[in-house]
Amino acid sequence: MLKASEEPIIAPLKDTWLEAAFSQFTVGNQIMLDMAVGVLVSQAMYVFVVWLPARSKRARVRRNLQHHYALFKEQCIYQLLFASEGVADPRVVDELADIRKFRAYFKAAGASGGEKWYDVMNGLESSHVRAIAVELGILAEELKYTVAAIDVTSDEVYDFLKRLNRAIVILREGSESSEVEYLTNFLWELFSGWSVVSGYQDEDIVSCRFKEL
């Protein structure tokens with residue numbers, strides 16, 4: 001665009017190699033100028049009409065999913081505490097959102113003399129399971145919405161979201177009739193950072209994947 005323009009070369013560029021580089025073409029300057037301006041305007045329109053709104057939408061959807069996952073953890077931890085101790089302190093629930101604190105808390109000795117997690121498994125009743133199933137359903141819907149609403153460019157993140165959604169759907173559909181151990185194993189892996197492949201992690205793998213969206 002600068003080379004095809006009829007504007008004179010600015011003073012600092014005169015008598016330098018840039019003066020020759022920005023001197024007009026022999027022919028076709030108007031055509032080149034129009035094409036260059038058209039490309040520039042198109043790029044500007046793309047940024048303002050497509051890229052910025054899509055970027056804003058992606059951030060909004062990501063925040064929404066992170067918010068619902070945090071609510072899911074909170075409500076499930078409430079049910080786990082109700083099952084194991086009969087009561088749930090909101091401050092304790094907030095602390096247990098951290099996977100390291102969750103792991104340490106439920107590995108500690110409980111009222112039965114064994115780990116508190118065994119108290120959870122023994123104390124889970126149908127009311128607790130139904131409440132957790134509702135939360136699983138809500139999270140599954142949010143996962144489906146996220147995958148449909150934005151283009152998940154990372155194959156690894158996309159596959160992770162689909163696997164997580166599938167596991168949640170299977171658990172939700174069979175939670176009331178399935179073994180309690182199956183449900184608690186899923187929640188333990190999710191909230192304590194346990195992986196059969198790499199052992200215990202210090203970061204919430206689900207939250208980390210959501211940040212990559």
Side-chain angles (χ1 to χ4, degrees), residues 58-85 87-124 128-129 131-133 135-140 142-144 146-147 150 152-172 175 179-213:
R58 177 181 294 273
R60 186 169 61 253
V61 171
R62 180 175 60 246
R63 287 194 302 270
N64 176 72
L65 183 59
Q66 290 172 327
H67 172 69
H68 279 282
Y69 178 62
L71 286 178
F72 165 76
K73 287 185 70 172
E74 177 185 275
Q75 294 305 313
C76 286
I77 291 172
Y78 267 112
Q79 297 305 318
L80 297 177
L81 290 174
F82 287 145
S84 62
E85 301 175 11
V87 295
D89 187 335
R91 291 173 298 180
V92 175
V93 172
D94 289 340
E95 290 180 0
L96 297 186
D98 182 284
I99 62 173
R100 287 168 294 188
K101 292 180 179 179
F102 182 95
R103 191 162 62 228
Y105 184 88
F106 283 104
K107 275 182 167 290
S112 63
E115 293 183 358
K116 290 183 179 180
W117 192 247
Y118 292 113
D119 293 341
V120 171
M121 298 174 66
N122 294 327
L124 272 178
H128 305 131
V129 175
I132 293 174
E135 298 301 326
L136 287 168
I138 294 172
L139 184 59
E142 292 300 327
L143 287 170
K144 287 196 296 184
T146 299
V147 173
I150 61 175
V152 183
T153 54
S154 170
D155 291 340
E156 183 179 356
V157 175
Y158 181 83
D159 291 342
F160 174 81
L161 293 178
K162 296 297 288 185
R163 289 197 306 272
L164 179 59
N165 183 68
R166 184 175 185 276
I168 289 174
V169 170
I170 293 173
L171 267 171
R172 181 188 60 180
S175 57
E179 292 289 338
V180 169
E181 185 178 358
Y182 185 63
L183 175 61
T184 53
N185 283 346
F186 175 79
L187 295 177
W188 179 258
E189 290 181 13
L190 212 58
F191 298 158
S192 72
W194 167 252
S195 168
V196 294
V197 177
S198 52
Y200 285 110
Q201 307 294 310
D202 288 333
E203 290 185 326
D204 188 328
I205 186 62
V206 178
S207 295
C208 290
R209 287 291 184 264
F210 289 172
K211 290 177 183 178
E212 296 176 21
L213 288 173

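What you see is a predicted model, and the numbers here were worked out from it, not measured in a lab.
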Check: Could you state the interatomic distance from CZ (Arg58) to CZ (Arg63), rounded to the nearest 0.5 Å?
Finding: 13.0 Å
Note to self: As an exercise, state the distance from CG of Leu213 to CZ of Arg62, rounded to the nearest 0.5 Å.
What the structure shows: 7.0 Å
Next item on the list: Kindly check if the number of other-residue, nucleotide or ligand heavy atoms within 6.0 Å of OH (Tyr118) is above 12?
Entry: no
Margin query: Nearest 0.5 angstrom please: Tyr182 OH to Leu187 CG, how far?
Written below: 11.0 Å
Next item on the list: Would you mind reporting whether Leu96 and Asp89 have side-chain heavy atoms less than 4.5 Å apart?
Entry: no
Next item on the list: Evaluate side-chain contact (heavy atoms from CB on, under 4.5 Å) for Ser192 paired with Phe106, printing each intermediate quantity in order.
Entry: CA-CA 9 Å; Ser192 72; Phe106 283 104; over 6 Å; no
Note to self: Return the OG to CD distance between Ser207 and Glu212, rounded to the nearest 0.5 Å.
What the structure shows: 11.5 Å
Notebook entry, point to check: Taking C-beta and beyond as the side chain, do Ile99 and Phe191 meet within less than 4.5 Å on heavy atoms?
Noted result: no
Next item on the list: Determine which pairs satisfy side chain to side chain donor-acceptor pair (under 3.5 Å) with at least one residue from residues 93-103, sequence neighbours left out, and list them in order.
Entry: Arg103-Asp202
Check: To the nearest 0.5 Å, what is the distance between CG (Leu139) and CD (Glu142)?
Finding: 7.5 Å
Notebook entry, point to check: After noting the C-alpha distance and the side-chain angles of Gln201 and Ser198, does the key distance pass the side chain to side chain donor-acceptor pair (under 3.5 Å) rule?
Noted result: CA-CA 8 Å; Gln201 307 294 310; Ser198 52; 2.7 Å; yes
Next item on the list: Return the set of residues passing ring-ring contact (aromatic ring centres under 6.0 Å, His included) with Phe186 (not counting sequence neighbours), or none when no residue passes.
Entry: none
Item checked: Residue pair Asn185, Leu190: steps toward the side-chain contact (heavy atoms from CB on, under 4.5 Å) verdict -> CA-CA 9 Å; Asn185 283 346; Leu190 212 58; over 6 Å; no
What side-chain donor-acceptor pairs closer than 3.5 Å can you find for residues 75-83, not counting sequence neighbours?
none

Margin query: Can you tell me how the ring of Trp188 sits relative to the ring of Trp117, calling it parallel under 30°, perpendicular over 60° and tilted otherwise?
Written below: tilted
Notebook entry, point to check: Rounded to the nearest 0.5 Å, how far does OG of Ser112 lie from CG of Asn122?
Noted result: 7.0 Å
Item checked: Residue pairs passing the side chain to side chain donor-acceptor pair (under 3.5 Å) test where at least one lies in residues 153-164, sequence neighbours excluded -> Glu156-Arg209
Margin query: Which residues pass the ring-ring contact (aromatic ring centres under 6.0 Å, His included) test with Tyr200, not counting sequence neighbours?
Written below: Trp194
Check: For Leu143, which of Val169, Ile138, Leu65 qualifies under side-chain contact (heavy atoms from CB on, under 4.5 Å)?
Finding: Leu65
Next item on the list: Return the minimal non-hydrogen interatomic distance between Asp119 and Gly110, and the atom names on each side.
Entry: OD2-CA, 3.4 Å
Check: Below 4.5 Å, heavy atoms only, C-beta onward: do Leu161 and Asn165 meet side chain to side chain?
Finding: no
Note to self: Quick check: do Phe72 and Leu136 have side-chain heavy atoms less than 4.5 Å from each other?
What the structure shows: yes
Next item on the list: Check whether any side-chain heavy atom of Lys116 lies under 4.5 Å from a side-chain heavy atom of Tyr105, and answer yes or no.
Entry: yes
Item checked: Residue pairs involving residues 65-74 (criterion salt bridge (Lys or Arg N to Asp or Glu O under 4.0 Å); sequence neighbours excluded) -> Lys73-Asp204
